[in-house]
Amino acid sequence: MTTKKRVFSGIQPSGNIHLGNYLGAVKNWVAGQDEKENFFCVVDLHSITVPQDPVELRFQTRALAAMLLAAGIDPKKSTLFVQSHVTVHAEGCWLLNCVTPLGWLQRMTQFKDKSAKQASVGVGLLDYPVLQAADILLYDAHEVPVGEDQKQHVELARDIAQRFNHIYEEEFFIIPEPKIPPTGARLMGLDDPTAKMSKSLAHVRGHAVRLLDDPKEIMRSFKKAVTDSGNEIRFSDDPEKAGVNNLLGIYKAVTGKSNADVEADFANARGYGDLKVGVAEVVIDFLAPLQARYQALMDDPAELDRILAIGAEQAAAVSQPKLREMKEMMGLVLPVSGNR
Ligand code: TYM
């Protein structure tokens, strides 16, 4: 029996993975691999809660899995899988739907934001956080490493777990904790430091740094980054200096330096131009080896499929029995044959 803490986290394959996703979440997934038992999931069922091009989604699902491996997820230490390959996620979502009050979902900030942008809103968009709760709870995860924007969804998963436990069996579900990094939990758009860097805007030039951007594009995005009319290069929570603060935060998260050391690195800068180039350079150097590994993985699709097939098997071995227990508790008759 393992005594390691169990970790679950997920990332959507819609759009291009960007530096915010990496620094806010994936970096922590990689860092915790040795001391935790990890499940990392490419959540394709979450992506289809808004319209997707099927060909593009299929490509992005595999590309994201390759990118996670390139970023350091080691399949010998962690289980990496595609959500739709393990069908109990969708079933678990249904069971949890039946104990989740509608009002809890209508209050979710992300639902309100996303539904305001859609002409027609599918039920899946409202149900999105219940599927996320199923992801987490079916694995008895203690910790959920995410960026700041996912905190509310993890808190909802806690509420749903508590409600289920109260109705059916105390302590059946582990109550999961969101794990938010001290630096990089909320990267802002380079073109607008008042709004978070977002995957759905990652195709807009100058908004985000995508992990696959080439050095020229990265330099161009940073050079165009919105700052302020001053010239002081220091960390600050003054909304006026949000742009400079964001750039320093990126530099800090990538280099792992302290605030004082980061500011010292720019003490002789001649202005924001030097800051932008300095940040771009560390990001370019950091991404180069990752991009090379990504390419090698994409050139070997059979190996990628093999890793994902093993991941799905390992994931199902944990989540299927949990779903079976849920069904029994809820009064469903389990089939005589088969293990589900
Ligand atoms: P997703 O795909 O939007 O984002 C993946 C991770 O990246 C973090 N993130 C950011 N961090 C810092 N700065 C930003 N600008 C930024 N933008 C995104 C997110 O917080 C997230 O950790 N619903 C989830 C996926 C999910 C999930 C789960 C997560 C599905 N099931 C179970 C945890 C556990 C999502 O859409 O993430």
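Order of appearance sets the numbers: ligands from 1, and atoms from 1 within every ligand.
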Indicate yes or no: does E217 engage R220 in a salt bridge with an N to O separation below 4.0 Å.
yes
Looking only at side-chain N and O atoms, does N245 offer a donor or acceptor that is under 3.5 Å from a partner on S236?
no
Pair Y128 + H153: ring centers closer than 6.0 Å:
yes
Mark yes or no: K322 above the aromatic ring of F172, with NZ or CZ under 6.0 Å from the six-membered ring centre and no more than 45 degrees from the axis.
yes
Distance only, no hydrogens: is a donor on one side chain within 3.5 Å (strictly under) of an acceptor on the other, for Q83 and D135?
yes
For each nitrogen or oxygen atom of ligand 1, which protein N/O atoms lie closer than 3.5 Å, and how far apart are they, rounded to 0.1 Å?
| from | atom 1 | to | atom 2 | distance (Å) |
| --- | --- | --- | --- | --- |
| ligand 1 | 2 (O) | Q12 | N | 2.8 |
| ligand 1 | 2 (O) | K199 | NZ | 2.5 |
| ligand 1 | 4 (O) | N21 | ND2 | 3.4 |
| ligand 1 | 7 (O) | N21 | ND2 | 3.1 |
| ligand 1 | 11 (N) | G20 | O | 3.0 |
| ligand 1 | 13 (N) | L187 | N | 2.8 |
| ligand 1 | 15 (N) | L187 | O | 2.9 |
| ligand 1 | 15 (N) | M197 | O | 2.9 |
| ligand 1 | 20 (O) | G147 | N | 2.9 |
| ligand 1 | 20 (O) | G147 | O | 3.4 |
| ligand 1 | 20 (O) | D149 | OD1 | 2.4 |
| ligand 1 | 22 (O) | G147 | N | 3.1 |
| ligand 1 | 23 (N) | Y128 | OH | 2.7 |
| ligand 1 | 23 (N) | Q132 | OE1 | 2.8 |
| ligand 1 | 23 (N) | Q150 | OE1 | 3.1 |
| ligand 1 | 31 (N) | D135 | OD2 | 2.7 |
| ligand 1 | 36 (O) | Q12 | NE2 | 2.8 |
| ligand 1 | 36 (O) | Y128 | OH | 2.6 |

Whether Y22 and F286 hold their rings parallel, tilted or perpendicular, with breakpoints at 30° and 60°:
tilted
